[in-house]
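These values consider heavy atoms only, across backbone and side chains, with no hydrogens, waters or symmetry-generated copies.
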Amino acid sequence: MDPTFEPIIKVEDYTFYYPDSQVPALAGINLTVRPGEFLGLTGPTGAGKTTLALALNGIIPHFQGGRLAGRVTIAGLDTAATPCARLAGVIGSVFQDPEAQLVAETVEDELAFGLENLAVPREEMRARISAALEMVGITDLRHRPLRQLSGGQKQKVAIAAAIALRPRILVLDEPTSELDPRGSLEIVNLLERLNRDYGMTILLIEQKISLLAPRVPRLVCLHQSRIVADAAPRQVLGQEKLVAELGLEVPPVTDLFRLLSRAGVYHGNLPLAVDQGRRELDRLLSHESP
Amino acid sequence: MPARSFLHELNPLTKIAWSLAVITVAFVFQQPLPLLGLWASVLAVALAGKVLKEILPAIRGLLIFAAIFILFQIFLIQEGNTVFTLLPGSGFGRVTDVGLTACTMLALRMLAMTSTIPVLLATTPPKDMIVAFVEKLRVPYVYALMLVTSLRFIPTLQEELGLIIQAQRARACDLESRNIFRRLRAIVPLALPLLLMSVQRARTMAISMETRGFGAGPRTSLRTSTFQTLDLGVIAGCLFLTAALVIIALR
Ligand SMILES: Nc1ncnc2c1ncn2[C@@H]1O[C@H](COP(=O)(O)OP(=O)(O)OP(=O)(O)O)[C@@H](O)[C@H]1O
Ligand SMILES: [Mg+2]
């Protein structure tokens with residue numbers, strides 16, 4: 001079998017309870033991700049998104065205890081049997097709070113932190129730092145103190161610090177939730193580029209569907225600890241009941257076309273972004289007019 | 001990056017050696033005048049290192065602390081001749097010449113000894129401090145990192161406390177009150193979320209470190225801690241001066 005078709009993330013019947021909790025934070029999760037996929041993960045607050053991210057990068061069960069059943073396999077490694085440090089070179093993580101996840105004073109030191117932990121020799125460290133900064137497009141920030149950077153720049157540093165360890169997978173837990181619209185857009189565009197140009201497998205947890213939907217080919221929805229949808233964004237957002245129940249923030253343009261198709265005026269694919277919508281509208285109007 | 005001054009260029013341990021030299025000298029002198037000179041020399045070093053302005057707030061804090069110290073101590077010393085009395089005739093609040101000298105001496109000693117710390121912090125990136133501790137003093141990395149990251153959170157916490165104070169002011173809470181208890185009562189309700197926030201933050205930081213292989217075993221370091229000729233010169237100078245001053249003081 002071609003190794004590239006082997007799943008890089010495999011979650012099998014996974015259930016997890018935080019200590020002293022009677023309600024599972026994850027219940028019967030099954031998820032398979034192939035190398036090079038760009039996966040969106042969404043769902044309301046408390047659905048279990050962060051918990052799933054922690055289960056993937058080995059924080060659960062190595063750092064966060066609790067009761068669990070089932071299995072998570074990352075690039076062939078069983079996370080329960082593999083130390084976090086070994087997983088660090090396979091799966092990189094970026095978190096919500098741009099401030100708290102950074103440990104160093106300057107950008108260069110932040111990128112060095114993980115490499116130092118993994119005992120990378122000094123010369124190679126320099127080369128890897130340069131490469132990661134280049135990939136993220138922040139070479140000019142190399143010697144800047146972190147406290148002078150904007151939230152968006154800090155998130156880029158966090159992404160670069162994860163990339164410097166050359167992981168095959170990047171998991172990002174709501175990396176844009178504390179950024180302004182422009183900063184958010186820059187981050188998702190960057191992720192799209194990393195996925196396209198470097199074939200990096202990316203799992204992006206995001207509540208802002210309008211950022212997610214036009215970019216990811218596959219959207220997974222978590223609700224009350226379970227996966228309730230796993231399909232192309234168009235199909236997921238077309239399910240009115242699901243959208244209403246989860247309170248998903250559907251992009252207004254998608255909503256508009258959903259109304260149009262319910263009224264029988266529109267029959268094509270639901271557009272996910274404004275430019276797609278405009279094209280569809282043009283087509284619709286040119287058909288209408290005699 | 002060019003260093004801002006010779007002080008910034010020195011190895012952190014050299015600066016710590018200088019601090020220790022100042023502390024030693026401060027202990028052997030018993031008169032206010034040499035101690036004043038010593039304190040002035042610390043400030044002169046800060047001036048030469050172009051950080052005097054930066055550390056002024058810290059120096060002001062130390063001065064206030066010294067003043068409070070004098071205020072508490074000065075009435076307790078009863079020997080010597082009366083210089084003045086707070087309530088004339090009653091004998092209450094008597095200040096003597098012996099007390100005045102002793103308190104000034106102690107306050108100046110404290111000032112000279114503690115003023116080197118802000119100079120040290122202002123001229124040394126925390127990362128260099130970690131590297132020096134770990135490589136040269138063999139302090140375990142975890143402890144060095146703990147120390148330095150907790151220092152790093154101070155400005156963030158200050159900023160947030162500032163926000164809280166503003167928020168309380170907007171709700172017309174009496175924060176300028178002379179009554180310290182009333183002020184505390186205004187701040188405490190909002191300080192709780194601040195505390196919870198920092199617990200959450202510490203958790204995020206720990207997780208972020210864990211996912212980047214922290215504690216995996218032997219580690220390498222991007223930077224090294226080096227002693228240059230300048231360091232050796234400064235350490236030798238400190239040793240020589242300290243020895244000379246100790247001899248003068250004890251003779
Ligand atoms: N450290 C913890 N200890 C105990 N329970 C927790 C802990 N972290 C999360 N939970 C609980 O687990 C459930 C899932 O939480 P999780 O953080 O995974 O949700 P989420 O989808 O990431 O939500 P959000 O969008 O708010 O980030 C929630 O009910 C939450 O209260
Ligand atoms: Mg979350």
Side-chain angles (χ1 to χ4, degrees), chain A residues 50 53-54 56-60 62-64 83-106 108-126 128-129 142-147 158 161-162 164-165 167 171 173, chain B residues 1-4 8 12 121-131 134-135 141-142 144-160 194 196-226:
Chain A
T50 299
L54 298 181
L56 295 180
N57 56 29
I59 291 298
I60 298 174
H62 296 293
F63 184 83
Q64 168 70 60
C84 272
R86 171 86 176 77
L87 289 170
V90 183
I91 181 164
S93 309
V94 175
F95 304 92
Q96 204 164 349
D97 187 339
E99 186 75 28
Q101 64 185 307
L102 303 176
V103 297
E105 282 289 306
T106 69
E108 187 177 48
D109 290 336
E110 187 63 39
L111 267 68
F113 177 76
L115 297 167
E116 291 174 338
N117 289 335
L118 299 186
V120 174
R122 192 167 292 151
E123 275 320 303
E124 194 189 332
M125 217 184 299
R126 293 223 170 79
R128 285 220 217 167
I129 292 173
R142 184 167 187 147
H143 298 290
R144 291 276 293 278
L146 288 169
R147 76 189 118 76
L165 302 181
V171 176
D173 186 1
Chain B
M1 278 188 303
R4 277 174 52 209
H8 292 81
L121 293 179
T123 58
T124 316
K127 174 78 180 186
D128 290 0
M129 203 93 90
I130 296 187
V131 173
V134 173
E135 276 192 14
Y141 179 76
V142 189
L145 184 77
M146 240 159 43
L147 179 78
V148 170
T149 42
S150 44
L151 287 179
R152 194 178 75 87
F153 271 122
I154 292 176
T156 321
L157 284 177
Q158 268 173 351
E159 234 167 68
E160 266 153 23
L194 185 73
L196 291 180
M197 236 149 71
S198 35
V199 170
Q200 177 56 38
R201 232 188 231 132
R203 182 179 146 87
T204 300
M205 183 181 264
I207 289 178
S208 143
M209 285 162 64
E210 206 74 13
T211 59
R212 285 187 282 161
F214 183 65
R219 54 197 317 279
T220 48
S221 173
L222 178 64
R223 303 197 202 173
T224 43
S225 181
T226 48

Under 4.5 Å from a heavy atom of chain B, the part of [X] involved:
| X | value |
| --- | --- |
| L115(A) | backbone |
| I59(A) | side chain |
| E124(A) | neither |

Taking every non-hydrogen atom, the tightest pair across [X] and [Y]:
| X | Y | result |
| --- | --- | --- |
| A119(A) | P218(B) | CB-O, 3.4 Å |
| T211(B) | S93(A) | CG2-OG, 3.8 Å |
| F95(A) | S208(B) | CE1-CA, 3.8 Å |
| R223(B) | T106(A) | NH2-OG1, 4.1 Å |

Euclidean distance, L111(A) CG relative to L222(B) CG, rounded to 0.5 Å: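 Rounded to the nearest 0.5 Å, the CG-CG separation comes to 10.0 Å.
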Distance in Å, T220(B) OG1 paired with M125(A) CE, rounded so as to fall on 0.5 Å steps: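 Going from OG1 on T220(B) over to CE on M125(A), the span is 3.5 Å.
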Q101(A) and R212(B) side chains, donor-acceptor separation under 3.5 Å: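 On atom types as modelled, these side chains do not qualify, holding no pair under 3.5 Å.
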Interface residue of largest heavy-atom contact number with chain B, from E110(A), E123(A), R126(A), under 4.5 Å: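 Result: the option with the highest number of such pairs is E110(A).
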Atom CZ of R86(A): over 12 foreign heavy atoms under 6.0 Å: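 No.
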Set of residues satisfying ring pair (Phe, Tyr, Trp, His ring centres under 6.0 Å) with respect to F113(A), sequence neighbours excluded: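 Per chain and number, F113(A) pairs via ring pair (Phe, Tyr, Trp, His ring centres under 6.0 Å) with F214(B).
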Side chain to side chain, T204(B) and Q96(A), heavy atoms closer than 4.5 Å: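 The answer is no, as the side chains (C-beta and beyond) never meet within the 4.5 Å cut-off.
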Side chain proximity check, V103(A) to M205(B), heavy atoms < 4.5 angstrom: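 Yes. Closest side-chain heavy atoms under 4.5 Å.
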